Amino acid sequence: MNCDEAVEKLWQYLDRELDDRMVADVEHHLRECRECFSKAEFERRLRVLLRRSCGCERAPLQLRARLSQLLRMF
Ligand SMILES: [Zn+2]
């Protein structure tokens with residue numbers, strides 16, 4: 001898995017929408033790649049904040065799309 005793939009799977013990973021094999025792939029990448037690890041950390045915190053402020057488990061779709069676009073520019 002390369003960085004692009006890892007970033008693409010990140011939301012699903014955090015939402016636990018991936019199957020075990022994919023989760024293992026993403027986690028393997030995060031262990032090896034500091035850059036993606038920081039992104040994952042960032043998203044994790046962001047989601048905690050979102051949950052706190054609006055009480056919803058998931059970010060609204062529109063926000064989600066904008067965020068993944070933003071993360072791609074890193
Ligand atoms: Zn990476």
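Small disclaimer: the values here were computed from a predicted structure and weren't measured. Ligands are counted one by one from 1 in listed order, and the atoms in each one are counted from 1 as well.
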Around the Zn ion (ligand 1), what protein N, O or S atoms are found below 2.8 Å? C3 SG, H29 NE2, C33 SG, C36 SG

Assess whether atom CG of N2 is packed by more than 12 heavy atoms of other residues, nucleotides or ligands within 6.0 Å. yes

Quick test of your reading of the model: are E43 and R47 salt-bridged, counting only N-O distances below 4.0 Å? no

When rounded to the nearest 0.5 angstrom, what is the spacing between NE2 in H29 and CD in E35? 8.0 Å

Should the heavy atoms of other residues, nucleotides or ligands under 6.0 Å from CE of M22 be counted, would the total exceed 12? no

From CG (D19) to CG (D25), nearest 0.5 Å: 9.0 Å

Roughly how far, to the nearest 0.5 Å, is CZ of R31 from CZ of F37? 10.5 Å

